[in-house]
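First the structure, then my questions, so here it is.
Computed from heavy atoms alone, side chains included, the values below leave out hydrogens, waters and symmetry copies. In what follows, residues are counted from 1 in the order of the sequence shown.
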Amino acid sequence: MAGLALGNFLLRRGIGCIVLEKHSREYVEQRQRAGSLDADGVRVLHEWGVGEVVEGYSHGSSDAGLPLLIDGEKREWRMDSDDADDVDGAYCPQQILVRNLIKVFLRDGGDLRFEAEDVSPQDIDTEQPLVRYRDAAGSTKTLSCDVVAGSDGYHGVSRTAVPADVLTCATHEFGYAWLTVMTEVPADPLAVLAVHSRGFAAQITRGPNASRLYLQCPLTDTVGQWPDERVWSELEARFGRPVAPKGPITSKQVVPLRGVVFSPMSHGRLYLLGDAAHLISPMSAQGMSLALHDAEVLARAVIQWAEKHDSTLLESYSDTCLNHTWERQASAVRMTETMHDSGDTSYEGEFRKQIARKNLETMLEPLPANRPSR
């Protein structure tokens, strides 16, 4: 997603770029991924003239409409006057956002090459780095570049071009996982979060006929321990109410919650962005917005360099993005720990639960005077 956004931004300023994609177009456009952009992310797309890619997916400017269930009781998020904004966020499944970014990029003359295998950035310490790859026909191609943007994800190859004695990695493990479950069931409302003594749970839209379920579970759990019947019954228990409709489950995965930041985010003429540079707790719903921020910062830096021969923004790219990344990581850790420690005490104990509950209350509208918080 980050690479496509960058390509679209540069294309609008007449700067040529080539986007390489490992998979086929069909695979990329159908791959199910998380899908939430904050108001800043939506604003960025509009400012660059590609706001059409999220048309129809507005969800409002705050979390005020996002249901939160605490031990089965619905609570409202606090709405401060400072939260008012004239730009809404968007629940847009990532495959739809990617599909739309592809459509706009190709429509406007972008060069997007699918099924590019064995991609290898080389000579990134020189003024003319190279990118070698094997195309869909099996031929080896070499691209001569001015700048290489590594947006190939956490398991991609771009980051390996940075010398091991230069790149550092900081990580935080939360100590629990999510069982993530893809279902052929629409989410209504589009997102529901739940804090419960049995653990955190959520149901988030992934399109008009699909949603993903999330259930906090131990790191040692396996998919085999979660048959379909248990998934639905546990979701109902944590929501404190029946869940309907229920439907086919198409995939399950146990995903440890963690935060990861690689530094620096640039070396020579290589610039890392998106998941190639960082992972953020999915509880924050900030992955796409964080990647989009990187893309915008790099686009502005490349444009200034190309149009004004000024490399100042390129030189500060890593520091600029890392500062923003750590701000978002700090927020993600607070939210993740608050939402998870507030529930199942088997992870962090009763003391941390009570602290988390107090922290959570500061984010919520007060209960009526005759209904004290639990």
Side-chain angles (χ1 to χ4, degrees), residues 34 36 38 62-80 82-83 170-181 189 191-204 212-221 234-241 243 254-261 278-287 289-290 325-374:
S36 182
D38 61 17
S62 76
D63 289 328
L66 180 63
L68 171 65
L69 304 172
I70 300 181
D71 295 325
E73 181 178 34
K74 185 176 179 180
R75 296 292 302 274
E76 301 293 335
W77 295 97
R78 187 183 299 276
M79 180 62 176
D80 296 326
D82 290 342
D83 292 334
T171 64
H172 173 65
E173 305 289 341
F174 286 93
Y176 36 78
W178 276 358
L179 175 74
T180 70
V181 180
V192 179
L193 308 180
V195 169
H196 194 273
S197 60
R198 299 175 70 93
F200 173 80
Q203 182 176 19
I204 312 291
R212 191 177 288 278
L213 315 179
Y214 299 97
L215 294 168
Q216 181 183 4
C217 66
L219 292 168
T220 54
D221 271 16
E234 189 65 24
L235 187 69
E236 289 187 327
R238 298 185 188 190
F239 277 10
R241 66 187 191 190
V243 174
V254 175
V255 179
L257 267 64
R258 63 173 58 134
V260 180
V261 177
H278 39 66
L279 296 178
I280 193 165
S281 165
M283 182 71 247
S284 69
Q286 286 290 313
S289 298
L290 196 54
T325 297
W326 281 116
E327 288 177 353
R328 294 300 176 96
Q329 291 284 6
S331 177
V333 168
R334 286 193 300 270
M335 177 58 76
T336 301
E337 292 181 345
T338 296
M339 296 294 285
H340 291 77
D341 292 352
S342 289
D344 188 345
T345 58
S346 67
Y347 295 96
E348 296 293 341
E350 182 66 22
F351 185 92
R352 290 289 294 272
K353 174 177 179 176
Q354 294 301 326
I355 295 298
R357 284 289 175 105
K358 293 302 181 185
N359 289 334
L360 183 55
E361 284 295 331
T362 66
M363 306 176 193
L364 305 175
E365 293 292 343
L367 285 166
N370 60 342
R371 297 179 63 195
S373 59
R374 299 176 184 178

Could you check Val195, Val192, Leu193 and say which one makes a side chain to side chain contact (heavy atoms under 4.5 Å, CB included) with Leu69?
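Only one of Val195, Val192, Leu193 forms a side chain to side chain contact (heavy atoms under 4.5 Å, CB included) with Leu69, namely Val192.
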Ion pair Glu234/Arg238, N-O distance below 4.0 Å
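Here Glu234 pairs with Arg238 in a salt bridge, since their nearest N and O are under 4.0 Å apart.
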Check the pair Leu364 / Trp77 against side chain to side chain contact (heavy atoms under 4.5 Å, CB included), numbers first and verdict last.
CA-CA 4 Å; Leu364 305 175; Trp77 295 97; 3.7 Å; yes
Given 3.5 Å as the limit, does a donor-acceptor pair link the side chain of Gln329 with the main chain of Leu279, or not?
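Pair found, side chain donor or acceptor close to backbone of Leu279.
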Taking all non-hydrogen atoms of both residues, which atom of Pro256 and which atom of Leu219 are closest, and how far apart?
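Scanning both residues completely, I find the closest heavy atoms to be CB-CD2, 3.7 Å.
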Return the minimal non-hydrogen interatomic distance between Leu235 and Ala202, and the atom names on each side.
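Looks like CD1-O, 4.1 Å.
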So which atom in Phe239 and which in Ala194 form the shortest heavy-atom distance, rounded to 0.1 Å?
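Between these two residues, the closest heavy atoms are CD1-CB, 3.5 Å.
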Side chains of Met339 and Gln216: does their closest heavy-atom pair fall under 4.5 Å?
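The answer is no, as the side chains (C-beta and beyond) never meet within the 4.5 Å cut-off.
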Do the non-hydrogen side-chain atoms of Arg258 and Glu173 ever get within less than 4.5 Å of each other?
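Touching, per the 4.5 Å side-chain cut-off.
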Which distance, rounded to the nearest 0.5 Å, do you find between the OG of Ser342 and the CD of Glu337?
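With rounding to 0.5 Å, OG (Ser342) is 10.5 Å from CD (Glu337).
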Could you state the interatomic distance from OG1 (Thr325) to CD (Gln286), rounded to the nearest 0.5 Å?
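Between Thr325 OG1 and Gln286 CD, I get 11.0 Å after rounding to 0.5 Å.
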Apply side chain to side chain contact (heavy atoms under 4.5 Å, CB included) to Glu73 and Leu367, showing your working.
CA-CA 11 Å; Glu73 181 178 34; Leu367 285 166; 4.1 Å; yes
Report yes if some heavy atom in the side chain of Ile70 is under 4.5 Å from a heavy atom in the side chain of Leu360; otherwise report no.
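SC-SC contact between Ile70 and Leu360 confirmed.
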Go through the structure and list residues passing side chain to side chain contact (heavy atoms under 4.5 Å, CB included) with Glu348, not counting sequence neighbours.
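Scan of Glu348 (side chain to side chain contact (heavy atoms under 4.5 Å, CB included), adjacent residues dropped) gives Asp341, Arg352.
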Kindly indicate whether the side chain of Met283, heavy atoms from C-beta on, has any atom under 4.5 Å from the side chain of Phe174.
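No; the side chains remain at least 4.5 Å from each other.
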Which label fits His340 and Tyr176: parallel for a plane angle under 30°, tilted from 30 to 60°, or perpendicular past 60°?
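His340 vs Tyr176 ring planes: parallel.
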Which heavy-atom pair separates Cys217 from Tyr347 by the least distance, and what is that distance?
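Looking at all heavy atoms of both residues, the shortest contact is C-OH, 3.0 Å.
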Just how far is it from atom CD1 of Ile204 to atom CZ of Arg212, taken to the nearest 0.5 Å?
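Between Ile204 CD1 and Arg212 CZ, I get 11.0 Å after rounding to 0.5 Å.
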Considering residues at least two apart in sequence or located in another chain, which fulfil the side-chain hydrogen bond (donor to acceptor under 3.5 Å, both in side chains) criterion with Ser346?
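In terms of side-chain hydrogen bond (donor to acceptor under 3.5 Å, both in side chains), with neighbours along the sequence ignored, Ser346 is linked to Asp344.
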Heavy atoms only: give me the nearest Asn359-Thr338 pair and the separation to one decimal.
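The answer is CB-OG1, 4.1 Å.
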Quick check: does any side chain N or O of Ser331 sit under 3.5 Å from a backbone N or O of Arg328, one acting as donor and the other as acceptor?
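Such a contact is absent between Ser331 side chain and Arg328 backbone.
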With distance as the sole criterion, is a donor-acceptor pair present between the side chains of Ser289 and Asp38 under 3.5 Å?
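Yes, Asp38 and Ser289 have a side-chain donor paired with an acceptor closer than 3.5 Å.
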Asp71 and salt bridge (charged side-chain N to carboxylate O under 4.0 Å, His left out): which single residue from Arg241, Lys353, Arg198, Arg357 fits?
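Per the salt bridge (charged side-chain N to carboxylate O under 4.0 Å, His left out) rule, the option paired with Asp71 is Arg357, out of Arg241, Lys353, Arg198, Arg357.
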Can you see which heavy atom on Ala177 is nearest to which on Leu257, and at what distance?
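Between these two residues, the closest heavy atoms are C-CD1, 3.9 Å.
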